[in-house]
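No hydrogens, no waters, no symmetry mates; every other heavy atom, side chains included, goes into these values. Numbers restart at 1 for each chain; the letters A, B, ... are given by sequence-line order, proteins then strands.
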Amino acid sequence: MSWFDKLVPDQIRPESAGASRVPQGLWVKCQGCEAILYRAELVKSQEVCPKCSYHLRIGARARLDGFLDKDDRQELATEVTPLDPLKFRDSKRYKDRLLIAQKNTGETDALIAMRGKLNGLPVVAVAFNFQFMGGSMGSVVGERFTRAAEYCLKHELPLICFSASGGARMQEALLSLMQMAKTSAALAQLRSRGLPYISVMTDPTTGGVSASLAMLGDLNVAEPGALIGFAGRRVIEQTVRETLPDGFQSAEFLLEHGQLDMIVDRREMRDRLHSILKILLRKS
Amino acid sequence: MNLNYLDFEQPIAELQAKIEELRHVGEGNAVNLSDEISRLKGKSDSLTTSIFSSLSAWQVAQLSRHPQRPYFFDYINAVFTDFEELHGDRTFADDGALVGGVARLSGKPVVVLGHQKGRDTAEKVKRNFGMPRPEGYRKALRLMQLAERFGLPVITLIDTPGAYPGIGAEERGQSEAIARNLLEMSNLKVPIICTVVGEGGSGGALAIGVGDHVAMLQYSIYSVISPEGCASILWKSAEKAPDAAAAMGVTADRAKEFNLVDAIVPEPLGGAHRDMPATAAALGDHWLQQLERLERLSVDELLKRRHARLRSYGVFAEA
């Protein structure tokens, strides 16, 4: 409470000083155009600003909910949950960080895998949850991704991955690094069986996730404006000792440098990926 | 302070200096100092043994980066014959930080490749401190595919702080280059034997580290991020690197404990650089042994086992 608030008599002080009476989160400011947006409308447009098409970050469950057909879905690999094999501790215990992330997101780890349909076409889709420890890949993310790929092998289905991750999870150390090898090996199996894998990189996709499963798509797709890269901006700036060009590591920058097949608006993702998959699968 | 010794080795350095001094005095002198010298040598050895019996993870990290630690070309010269370096990724450039070629190991034809750091300033710059750019990983893949075409086993030596974080590296697809190697190495139809001989720095190390047998030299490290990088993110201070090294467990025995590497090749007392010929001989024996074992497997069996190894990585609960 500031000195001024203390001087205000109780009778004229609002019920909760400073807080507005509007329910929290009813309105959202677009980070792109600063327009004030009605929350419900934003949810309807899958977290894309209706005014300027800025793509806000979206949680994994909302992502898959908007991407897959409403009926006939089944979540995969939920039986796999995280442990703390290294008893890792920095300023907090990894165990506690996991509990906090689980409480805040309602998810058990940073990847959700789901079998479902895309305009009637059976697919498996997985999505990273950036809210869960920065979407970092540890043993559970690697295992769920691999099980999703194996489900595709068994049922001859295409795989679609929406990545949003800072990279490998430090709290599982080398175990996390090895998930890069494990998931890439699973994708090699898909490739040799001729099953399509489409990687959709969303904001942000960096580090060990971009340097493994995210860059290995038969198609590498990105959402507009997504940050995609191997090393973090700060690390690069400290190494090369120069300021980075505007738009460095943006989806548009990667497209220009030949690293992506295409940039697709989230609201068109379903229809465009469906059309491409049907061509790759030689379906009419 | 003797710069050839790390801070925790300074007591050893002092004894060694004393021994050298006595040797110098002893030369051309009637007084026989050999008894005293051998007494001090014994003391130095037991001191080294005791210091090296309880190294912290951070001390091992320092050893793995020791300025005198043997590098790729030291092992090439000591262990292999008929080495011919093969250059370039056929697309953009020849990367000096990741090198390789054809060679023979005890007469057996192989492709050998690895990271090369620089010894002096000029070479450090030429080798980019052992940090490859995408063209380095693409050259490595080209050499591995050459090995596959001619049925040659691949031996990789890992020693890098990490893949280079630069503007050009990003523009040319550092992520894609690393990812592609992980995918292709998992299905390469010839034996791949990987050894971490110094620093196993994250994705930049793993990009030549997927194989049928992965070993680490005793005082090498393998980690998802450098101890300094981890410390600056999680502890908000790079000076907490020793804590980060301990928490991540970057050492060979920790990696082995989680079945992420298959074997640890012991180093001479005081580390690889104290007896380079002995280290090279131990590695040569190790590679030959693995080569003979893996050569006996059919391609199907080789790949089946490799896939099973990769599939097994990870620790999680299962309801």
Region of A:Q238 that comes under 4.5 Å of a non-hydrogen atom in chain B: neither
Pick from A:L244, A:L213, A:T146 with the largest number of heavy-atom pairs that fall under 4.5 Å of chain B: A:T146
Proximal component of A:T183, with respect to chain B [non-hydrogen, under 4.5 Å]: neither
Contact listing (chain B partner; residues 245-253 of chain A; heavy atom under 4.5 Å): A:P245, A:F248, A:Q249, A:F253
A:M215 CE to B:Q174 CD distance, which is reported to the nearest 0.5 Å: 11.0 Å
When A:G208, A:S192, A:G207, A:A231 are compared by non-hydrogen pairs under 4.5 Å with chain B, the top option: A:A231
A:E143 bridged to B:R311 by N-O distance under 4.0 Å: yes
Heavy-atom pair with the smallest gap, counting every atom of A:V240 and B:P165: CG1-O, 4.3 Å
Closest-packed option against chain B by number of heavy-atom pairs under 4.5 Å, given A:K87, A:R89, A:E150: A:E150
Enclosure of A:R73 CZ (heavy-atom neighbours >12, cutoff 6.0 Å): yes
Side-chain donor/acceptor of A:S139 to backbone N/O of B:G314, under 3.5 Å: no
Distance, nearest 0.5 Å, that separates OG of A:S212 from CD1 of B:I178: 9.5 Å
Inter-chain contacts: residues 154-172 of chain A against chain B, heavy atoms under 4.5 Å: A:A168, A:M170, A:Q171, A:E172
Residue among B:L183, B:I233, B:L182, B:L310 with most heavy-atom pairs under 4.5 Å to chain A: B:L183
Verdict with reasoning, B:Y222 to A:M178, per side-chain contact (heavy atoms from CB on, under 4.5 Å): CA-CA 11 Å; B:Y222 205 170; A:M178 293 305 167; 3.6 Å; yes
Presence of salt bridge, B:E318 and A:R144, under 4.0 angstrom: no
Residue list, side chain to side chain donor-acceptor pair (under 3.5 Å) with B:S226, at least two apart or on another chain: none
Spacing of A:K182 atom NZ and B:S186 atom OG [to the nearest 0.5 Å]: 13.5 Å
Contact class of B:A163 relative to chain A, heavy atoms under 4.5 angstrom: both
Max heavy-atom pair count under 4.5 Å with chain A, selected residue of B:R172, B:K240, B:K236, B:E184: B:R172
Nearest-0.5 Å distance that lies between atom OG1 in A:T239 and atom CE in B:M131: 7.0 Å
Interface residues of residues 217-227 of chain A facing chain B - heavy atom cut-off under 4.5 Å: none
Distance (rounded to the nearest 0.5 Å) between A:L175 CG and B:M248 CE: 12.5 Å
B:K124 atom NZ: more than 12 heavy-atom contacts under 6.0 Å: yes
Contacting moiety of B:I167, where chain A heavy atoms sit under 4.5 Å: both
Interchain contact, A:E237 with chain B, by part (heavy-atom threshold 4.5 Å): neither
Spatial distance of atom OG (A:S91) from atom CG (B:D243) [nearest 0.5 Å]: 11.5 Å
Pairs of heavy atoms under 4.5 Å with chain A: top-ranked of B:F258, B:Y164, B:Y313: B:Y313
Option that, when pairs with chain A are counted at under 4.5 Å, heavy atom only, ranks first among B:V250, B:N181, B:V210, B:N187: B:N187
Check: A:A211 main-chain N/O paired with B:E176 side-chain donor or acceptor under 3.5 Å: no
A:L177 and B:S202: CA distance, side-chain angles, deciding distance, side-chain contact (heavy atoms from CB on, under 4.5 Å) verdict: CA-CA 7 Å; A:L177 185 73; B:S202 194; 3.9 Å; yes
Nearest atoms (heavy-atom pairs only) where B:V315 meets A:P85: CG1-CB, 3.8 Å
Full working for side-chain contact (heavy atoms from CB on, under 4.5 Å) between A:V141 and B:F316: CA-CA 10 Å; A:V141 170; B:F316 48 83; over 6 Å; no
Considering all heavy atoms, the nearest B:A247-A:L86 contact: O-CD2, 3.6 Å
Contact origin within B:I225 toward chain A - heavy atom pairs under 4.5 Å: side chain
Max heavy-atom pair count under 4.5 Å with chain B, selected residue of A:Q179, A:K92, A:E256: A:Q179
side-chain contact (heavy atoms from CB on, under 4.5 Å) evaluation trace for A:L174 with B:V224: CA-CA 5 Å; A:L174 199 58; B:V224 67; 5.6 Å; no
